[in-house]
There are 2 protein chains.
Amino acid sequence: MQPEISDQIFYSFLTGGLCASSTSTTTTSLFSPFAIEDKVAEDKALASLRNHKEAERKRRERINFHLNKLRNLLSCNSKTDKATLLAKVVQRVKELKQQTLEITDETFPSETDEINVLNFEDCSNDDGRRIIFKVSFCCEDRADLLQDLMETLKYLQMETLFADMTTVGGRTRNVLVVAADKEHHGVQSVNFLQNALKSLLERSSKSVMMGHGGGGEERLKRRRALDHIIMV
Amino acid sequence: MQPEISDQIFYSFLTGGLCASSTSTTTTSLFSPFAIEDKVAEDKALASLRNHKEAERKRRERINFHLNKLRNLLSCNSKTDKATLLAKVVQRVKELKQQTLEITDETFPSETDEINVLNFEDCSNDDGRRIIFKVSFCCEDRADLLQDLMETLKYLQMETLFADMTTVGGRTRNVLVVAADKEHHGVQSVNFLQNALKSLLERSSKSVMMGHGGGGEERLKRRRALDHIIMV
DNA sequence: TAGAACACGTGACTC
DNA sequence: TGAGTCACGTGTTCT
């Protein structure tokens with residue numbers, strides 16, 4: 001191929017070498033005394049233009065390369081247009097950020113006591129025969145907390161489907177997914193659960209008052225140190 | 001402002017209305033019988049071109065709008081060029097994906113028993129007076145597992161800095177970060193820990209053999225159902 | 001000066 | 001047709 005020549009023709013055709021510029025000084029005959037100087041200047045300009053064109057092509061290539069990578073990462077059709085793709089990327093990055101934030105937030109114990117009971121009824125794929133609750137609470141850790149919790153759930157005739165217990169620096173966060181038969185339970189069971197957990201937490205703070213008290217700041221320090229370790 | 005007029009001038013100057021086309025039929029005098037028809041056609045083409053130009057401007061705006069959003073999300077300088085920005089976005093999306101994957105992988109119990117002990121010595125910010133271990137194991141759940149684990153760690157003179165216990169469908173994954181004094185422990189303590197955990201897991205599988213056996217498939221089904229619930 | 005990055009208007013293509 | 005998108009080459013600006 002001969003891009004050199006065809007490019008030159010293309011340029012002289014487009015850039016006004018035959019139009020606008022022809023009205024000024026470029027129509028110098030080949031016999032003009034300035035012909036050679038002009039030719040040199042023209043070649044230089046042409047070369048510069050060619051470099052410019054090439055650089056721009058490379059730049060476009062670079063951008064499109066990454067755009068295609070993003071298309072693959074989001075498993076987007078190659079027909080998805082750039083703006084839509086980028087909008088989706090923005091959304092995805094936000095989602096992923098939020099997700100990791102939620103996971104850490106939902107896993108690590110907070111410094112204040114919390115109780116949270118959520119009814120999963122509508123999301124349940126259990127043929128609707130059971131009610132699913134998501135229980136989450138946060139309190140001081142104590143030796144027999146787990147046992148108390150299990151007894152409470154047994155008493156309430158609830159089955160534990162999932163349990164996650166995170167303990168750090170004397171505080172614990174427990175997340176449970178429990179199932180309750182609809183024969184014995186309704187939506188109002190949220191209250192039963194909440195009350196049961198309340199008394200559980202009260203017992204926890206009592207045992208702390210009697211036993212190893214204080215040390216809040218020390219805990220915070222540890223927590224931060226651990227954050228570092230865990231995230232490594 | 002009067003973009004209409006200036007645009008028209010701009011176009012006729014650039015698009016060859018005064019150059020290439022002038023060599024064909026466009027230099028029709030205003031007195032030509034075709035003047036009006038030509039004028040109409042020209043106006044139409046001009047309007048079309050103007051629409052086109054506007055649409056393209058809007059498109060560029062849309063793309064740049066999302067690019068700027070991404071710049072903010074990655075807290076990138078406004079000077080970061082498009083290609084570099086997109087490269088960073090690709091990297092970030094990959095990282096975040098990997099991160100959430102790791103978190104779920106490290107949290108949920110696997111179907112096979114596992115023991116993993118990692119030495120955090122180099123990462124420890126504990127003035128080097130203590131060795132930090134990250135312990136992770138996965139086995140059948142049983143009532144007294146936690147108690148056994150605590151006794152084991154007490155026996156090994158290790159302090160628990162962090163504990164995460166996830167139980168679902170009869171299987172449990174436990175992640176612990178423990179600290180051991182360098183007076184009593186060295187790097188070889190990894191082996192102590194591993195052996196202690198081994199016997200712990202052996203006791204677990206024994207108790208399962210004697211108690212509620214089997215149900216592996218049922219567990220898997222539950223696990224999947226839970227994945228759904230948890231992610232909602 | 002040369003090089004990099006950008007916005008622009010345009011021709012070509014698709015639905 | 002017309003609206004939408006893309007790649008292209010160019011002019012401009014900053015370094």
Side-chain angles (χ1 to χ4, degrees), chain A residues 1 3-22 24 26 40-71 76-89, chain B residues 1-22 24 26 40-71 74 76-89:
Chain A
M1 51 172 172
E4 306 283 322
I5 294 166
S6 63
D7 274 4
Q8 281 190 24
I9 293 169
F10 190 59
Y11 289 137
S12 58
F13 181 72
L14 269 190
T15 54
L18 301 172
C19 294
S21 297
S22 68
S24 51
T26 322
V40 169
E42 211 179 296
D43 282 3
K44 220 175 162 184
L46 238 43
S48 167
L49 210 57
R50 196 159 45 234
N51 283 339
H52 186 34
K53 190 176 75 168
E54 182 70 3
E56 184 60 18
R57 217 200 75 241
K58 289 262 178 67
R59 177 176 162 270
R60 279 195 303 266
E61 257 177 18
R62 244 177 5 251
I63 291 174
N64 283 330
F65 174 73
H66 293 303
L67 280 175
N68 282 328
K69 269 195 169 181
L70 285 170
R71 250 181 264 267
C76 269
N77 189 339
S78 69
K79 294 247 74 185
T80 324
D81 72 271
K82 291 182 183 180
T84 312
L85 170 67
L86 286 173
K88 281 183 180 173
V89 171
Chain B
M1 54 174 171
Q2 291 172 318
E4 307 281 325
I5 294 164
S6 65
D7 274 6
Q8 282 190 23
I9 293 170
F10 191 58
Y11 287 139
S12 58
F13 182 73
L14 270 188
T15 54
L18 301 172
C19 293
S21 297
S22 67
S24 54
T26 322
V40 169
E42 213 179 296
D43 283 1
K44 218 175 164 187
L46 238 42
S48 168
L49 210 56
R50 200 160 43 233
N51 284 340
H52 185 34
K53 190 177 75 168
E54 182 70 4
E56 184 61 17
R57 217 200 74 239
K58 289 263 178 64
R59 178 178 161 269
R60 279 195 302 268
E61 256 177 17
R62 244 180 358 256
I63 291 174
N64 284 330
F65 174 74
H66 293 303
L67 281 174
N68 282 328
K69 268 194 169 182
L70 285 171
R71 249 182 265 268
L74 300 210
C76 267
N77 189 337
S78 68
K79 295 247 74 184
T80 324
D81 72 88
K82 290 182 184 179
T84 312
L85 170 67
L86 286 173
K88 282 183 179 172
V89 171

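Predicted model, so just to flag it, every value in this text is computed and none were measured. By convention in this document, chain letters (A, B, ...) are assigned in the order of the sequence lines, proteins followed by strands, and residues within each chain are numbered from 1.
Side chain of A:Asp81 to main chain of A:Thr84: a donor-acceptor pair is present (N/O by atom type, distance under 3.5 Å, no hydrogens or angles).
Along DNA chain D, the nucleotide nearest B:Asn51 and the nucleotide nearest A:Arg57 are compared for position; the residue whose nucleotide lies closer to the 5' end is B:Asn51. Nearer the 5' end of DNA chain C, as judged by each residue's closest nucleotide, is the contact made by A:Ile63, out of B:Glu56 and A:Ile63. Nucleotides of DNA chain D nearest to A:His52 and B:Ala55 differ in position, and the one nearer the 5' end is that of B:Ala55.
A:Asn64 has its CG atom 15 Å from the C1' atom of C:dC6, to the nearest Å. Between the CD atom of B:Glu61 and the P atom of C:dC8 there is a distance of 8 Å, given to the nearest Å. To the nearest angstrom, C1' of C:dC8 lies 13 Å from CG of B:Leu49. Atom pair A:Lys58:NZ and C:dG3:P shows a separation of 12 Å (rounding to whole Å applied). Atom CD of A:Glu54 and atom C1' of D:dA7 are 14 Å apart (whole Å). Here the P atom of nucleotide C:dC13 and the NZ atom of A:Lys79 are 14 Å apart, to the nearest Å. C:dG9 atom P lies 14 Å from atom CZ of B:Arg59, rounded to whole Å. A:His66 places its NE2 atom 15 Å from the C1' atom of C:dA5, with the value rounded to the nearest Å.
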Per-pair distances, 0.1 Å, donor-acceptor, side chain in residues 63-70 of chain A, under 3.5 Å, sequence neighbours excluded:
from, atom 1, to, atom 2, distance (Å)
A:Asn64, OD1, A:Lys82, NZ, 3.2
A:Asn64, ND2, A:Arg60, O, 3.4
A:Asn68, OD1, A:Arg71, NE, 3.2
A:Asn68, ND2, A:Asn64, O, 3.3

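A salt bridge does not link B:Lys53 with B:Glu56: none of the charged nitrogens is closer than 4.0 Å to a carboxylate oxygen. Electrostatic pairing of A:Glu61 and A:Lys58 does not count as a salt bridge here, judged by no charged N lying under 4.0 Å from a carboxylate O.
Between D:dC8 and A:Arg60, a contact under 4.0 Å exists linking OP1 or OP2 to a side-chain N or O. One finds a side-chain N or O of A:Arg62 lying less than 4.0 angstrom from the OP1 or OP2 phosphate oxygen of C:dA5.
Residues of residues 80-88 of chain B having a heavy atom closer than 4.0 Å to DNA chain D: none are found.
When side chains are defined from C-beta on, B:Leu74 does not count as touching B:Thr80, because their heavy atoms never get closer than 4.5 Å.
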> Should A:Leu86 and B:Leu86 be marked as a side-chain contact (heavy atoms from CB on, under 4.5 Å) after you check the CA-CA gap, both sets of side-chain angles, and the distance that decides it?
Replying inline: CA-CA 10 Å; A:Leu86 286 173; B:Leu86 286 173; 4.0 Å; yes

